[in-house]
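In what follows, every chain begins at residue 1, and chains take the letters A, B, ... in the order their sequences are listed.
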Amino acid sequence: MENKNNNENELIKERRRKLSLLREHGNAFPNHFRRKNFAHEMHLKHDASDKESLASAQIEVTVSGRMMVKRVMGKASFIKIQDVSGQIQIRMERDRLPEGHYQDFKKWDVGDILNITGILFKTNTDELTILADQANVLTKSLRPLPEKYHGLADQETRYRQRYADLIMNKDSRDVFLARTKIVSFIRSFLDSQDFMEVETPMMHSVPGGAVAKPFETHHNALDMKLYLRIAPELFLKRLVVGGFERVYEINRNFRNEGVSTQHNPEFTMLELYRAYADYEDFMQLVEDLMRGISEVIHNSLVINYQEQSIDFSKKFQRLTMEEVICKYNKDIKSENIRDLDYMKAYAERMGIKIQANYGPGKIQAEIFDKTCEQHLISPTFIYAYPTEISPLSRKNDDDSFITDRFEFFVSGRELANGFSELNDSEDQSQRFLEQVSNAAAGDEEAMSFDHDYIRALEYGLPPTAGLGIGIDRLIMLFTDSPSIRDVLLFPYMRHENFD
RNA sequence: GGGGCGUUAGCUCAGCGGUAGAGCAUUCGGCUUUUAACCGACCGGUCGUAGGUUCAAUCCCUACACGCCCCA
């Protein structure tokens, strides 16, 4: 029962003693009490009532929640309990409660989960309070809560013991409430446009749909290697081939890469596909979606993120990849921006390591990452991505160096990636071959040749637009969170040693 | 992978080369309208881990672990 690293100290021993007393007096974990009222609902209804009318109304309420504050003053006490909706104060009086109950109550601890029945009244300072007639412990809490004033501040504990963080920090609860609200807004936004939510495999025999290192796993019965998916893209487009013309999926992707304030090994992605649309339609969709979320969460089109003001009210800026590179690299000669030798020399001067298989498009992307992305604070679309780094995107009709692809940036971060889908199976086959040769040249992130996907394209994918939005980064933006860990209920952490 | 910062009581934090500190919480006593309630007393520590330097290390040095931030 005891384990050293679990802080089995005197405080917990004391509470275990109290729990065994509760056990002696009957069921220590009763589950027959029923709540009738929520804290927030009572405040809404009665905060404005005056003392006298509340006293004459004699409103009986029953609440359940965790005791967060306990102030004992001799024969009467004030406590506060917290339920999912908020907090409410309760007054306990020795002479009002059943015989002996007040003495029992004095042994209860902050953190215990209680059920209280009583009459609503206003205190001298006009605080809505329940005058208790009945009080019971539903769950004894064995671990002391963090200090009442400063709360739980330690980042590591907040991430590892999210339950304690959620008990103590309203800001943290609010982030996750906003997260849920945003995701459900996205669903209703897409559902109202006749998109169909689907689920596609999380384990792939051929990893694909993105440029990233996968996690590997093994299926024992079938004795086969499987990969946790890095993207659902190729499966969703198979569904469009099948005739589901508008599909989306909100689910986890897994990438075997570093951890940072922007990256977690598993993260949530929205991907959507719409037949008979192109990337410009999806730029518009991104604008509509961002404005919708901004209104739902902040009731405004201007929000604040980490001291930056972000304005969604104006039409979002649009620049091509080459335009933005020239904008932030004044010394690049635009006529040479597709010249391999020129670009290679330029990139190397700025410290970018150029691998043998890099073409001018890949070098453009490297320069963009290093010199442009950080400046894209206001909502901005960068479009016309090089074909070389866009193996699943449709080539531009007038210029095969680029594709009909965009990425969307806010506060210096990529939030979305969308394009007109490559639906020419023969072109796609060529692009896969180039990826395979990159892999042979040592590129660990290059895509594999997906034969079944080519087969699907050969049946015919209608002209289609696709879009992916990183949900976690989106939540960061709208909850003003500096780290992805702040918007993940259980962020990745190194294994905790309990020895 | 590199650099910086951090790890002291259950929590929030001070501190110092010479017996380890505060507030809150706990325990005991007082208190029937409190708001970080208040008043009094007590209790609470392998100072992240392992080495090293030193008469003496929580403090200085090294390595490691974990975390946060920045860079690749």
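- In this structure U34(B) sits in no base pair that meets the Watson-Crick or G-U test at under 3.5 Å.
- RNA chain B is contacted by both Asp109(A) and Arg485(A); Asp109(A) maps to the nucleotide lying nearer its 5′ end (nearest heavy atom per residue).
- Base pairing analysis places G40(B) opposite C28(B); the two distances defining the Watson-Crick or G-U wobble pair are each below 3.5 Å.
- Nearest nucleotide to the Lys75(A) side chain, out of U32(B), C69(B), U26(B): U32(B).
- Checking the phosphate oxygens (OP1, OP2) of U35(B), no side-chain nitrogen or oxygen of Thr129(A) falls inside 4.0 Å.
- Within the structure, a side-chain polar atom (N or O) of Lys18(A) is placed less than 4.0 Å from OP1 or OP2 of U27(B).
- Nucleotides G44(B) and U33(B), compared at atom C1', are 33 Å apart to the nearest Å.
- Computed from coordinates, the Ile90(A) CD1 to U33(B) C1' distance equals 15 Å when rounded to whole Å.
- In this structure, Arg71(A) reaches the A37(B) phosphate: one of its side-chain N or O atoms is under 4.0 Å from OP1 or OP2.
- With sequence neighbours left out, the side chain to side chain contact (heavy atoms under 4.5 Å, CB included) criterion links Lys51(A) to Lys122(A), Asn124(A).
- Dashed line: the shortest gap from a side-chain N or O of Arg494(A) to OP1 or OP2 of G67(B) is under 4.0 Å.
- Counting atom types as modelled, Glu127(A) pairs a side-chain N or O with a base atom of U35(B) as donor and acceptor under 3.5 Å.
- Among the nucleotides A72(B), C68(B), U32(B), the one closest to any side-chain atom of Tyr159(A) is C68(B).
- Heavy atoms of Ser483(A) sit under 4.0 angstrom from primed sugar atoms or phosphate atoms, though from no base atom.
- Summarising the geometry, the separation between CD on Glu496(A) and C1' on U7(B) is reported as 14 Å, rounded to the nearest angstrom.
- A donor atom on one side chain and an acceptor atom on the other are found under 3.5 Å apart for Ser77(A) and Tyr102(A).
- Atom-to-atom, CD of Gln89(A) to P of A37(B) comes out at 10 Å; the value is rounded to the nearest Å.
- Looking at which nucleotide of RNA chain B each of Ser77(A) and Lys370(A) is closest to, the 5′-most match is held by Ser77(A).
- Met68(A) has its CE atom 18 Å from the P atom of C24(B), to the nearest Å.
- Side chain to side chain, Ser172(A) and Asp165(A) meet the donor-acceptor criterion of an N or O pair below 3.5 Å.
- Ranking C68(B), U12(B), U33(B) by closeness to the Gln155(A) side chain, first place goes to C68(B).
- Side-chain N/O atoms of Thr117(A) and Thr62(A) include a donor and acceptor closer than 3.5 Å.
- When heavy atoms are screened at a 4.0 angstrom cut-off, Glu147(A) is found touching base atoms of the nucleic acid.
- Taking 4.0 angstrom as the limit, Arg160(A) places a side-chain polar atom (N or O) nearer than this to OP1 or OP2 of G67(B).
- Using Watson-Crick or G-U wobble geometry with both donor-acceptor distances under 3.5 Å, A63(B) finds its partner in U49(B).
- Taking a 6.0 Å sphere around CE of Met493(A), one finds it holds more than 12 heavy atoms contributed by other residues, nucleotides or ligands.
- Asn438(A) and Glu434(A) share no donor-acceptor pair across their side chains, judged by distance under 3.5 Å alone.
- Residue Thr157(A) is out of contact with every strand shown, counting any heavy-atom pair closer than 4.0 Å.
- Judged by distance alone, with hydrogens and angles left aside, the side-chain atoms of Gln82(A) form a donor-acceptor pair with the main-chain N or O of Ile167(A) at under 3.5 Å.
- Phosphate proximity of G67(B) to Arg158(A): absent, as no side-chain N or O sits under 4.0 Å from OP1 or OP2.
- A distance of about 30 Å separates the P atoms of U46(B) and C39(B), rounded to the whole Å.
- A gap of 24 Å separates the C1' atoms of G51(B) and A20(B), to the nearest Å.
- Separating the NZ atom of Lys80(A) from the P atom of U35(B) is a distance of 11 Å, rounded to the nearest angstrom.
- Nucleotides C31(B) and C16(B) have their P atoms positioned 43 Å apart, rounded to a whole Å.
- Pairing for U12(B) goes to A22(B), judged as Watson-Crick or G-U wobble with the two contacts each under 3.5 Å.
- Asp154(A) places its CG atom 8 Å from the P atom of C13(B), with the value rounded to the nearest Å.
- The shortest heavy-atom contact between Arg34(A) and Asn115(A) is O-ND2, 4.0 Å.
- Shown for residues 110-123 of chain A: residues whose heavy atoms fall under 4.0 angstrom of RNA chain B, namely Phe121(A), Thr123(A).
- Base engagement by Glu93(A) is indicated by at least one non-hydrogen atom pair under 4.0 Å involving a base atom.
- Across all strands shown, C71(B) is found opposite G1(B) as a Watson-Crick or G-U wobble partner, with both distances under 3.5 Å.
- Between C31(B), C68(B), U34(B), one nucleotide has an atom nearer to the side chain of Met493(A) than all others, and that is C68(B).
- With respect to Arg91(A) and Glu93(A), a salt bridge is recorded, a charged nitrogen being found less than 4.0 Å from a carboxylate O.
- Taking every heavy atom of residues 352-361 of chain A and every atom of RNA chain B, no pair lies under 4.0 Å.
- For the pair Lys370(A) and Tyr328(A), the NZ or CZ position fails the cation-pi test of under 6.0 Å to the six-membered ring centre and within 45 degrees of the ring normal.
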Candidate pair Phe78(A) and Thr129(A), rule side-chain contact (heavy atoms from CB on, under 4.5 Å), full reasoning: CA-CA 9 Å; Phe78(A) 285 101; Thr129(A) 302; 4.3 Å; yes
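- Within the 4.0 angstrom heavy-atom criterion, only backbone atoms of the sugar-phosphate kind lie near Gly151(A); the bases stay farther away.
- Set against A37(B), C11(B), U26(B), the side chain of Leu152(A) has C11(B) as its closest nucleotide.
- Taking atom NE2 of His495(A) as the reference point, atom C1' of G67(B) lies 16 Å away to the nearest angstrom.
- Distance noted for atom C1' between G6(B) and G48(B): 11 Å (whole Å).
- Comparing U27(B) with A9(B), their C1' atoms are spaced 15 Å from each other, to the whole Å.
- In this structure, the nucleotide among C28(B), C11(B), U32(B) sitting nearest to the side chain of Met73(A) is U32(B).
- Crowding of Glu444(A) atom CD: a count of heavy atoms from other residues, nucleotides or ligands under 6.0 Å not exceeding 12.
- Looking at heavy atoms from C-beta onward, Gln262(A) lies in side-chain contact with Arg473(A) at the 4.5 angstrom threshold.
- Residue Lys148(A) has no polar side-chain atom (N or O) positioned under 4.0 Å from OP1 or OP2 of C11(B).
- Separating the CE atom of Met92(A) from the C1' atom of U32(B) is a distance of 13 Å, rounded to the nearest angstrom.
- Comparing the P positions of G3(B) and G10(B) gives an interatomic distance of 33 Å, to the nearest angstrom.
- With hydrogens and angles ignored, a donor-acceptor pair under 3.5 angstrom links the side chain of Arg91(A) to the base of U32(B).
- Using a 4.0 Å heavy-atom distance criterion, Asp95(A) is classed as a base contact.
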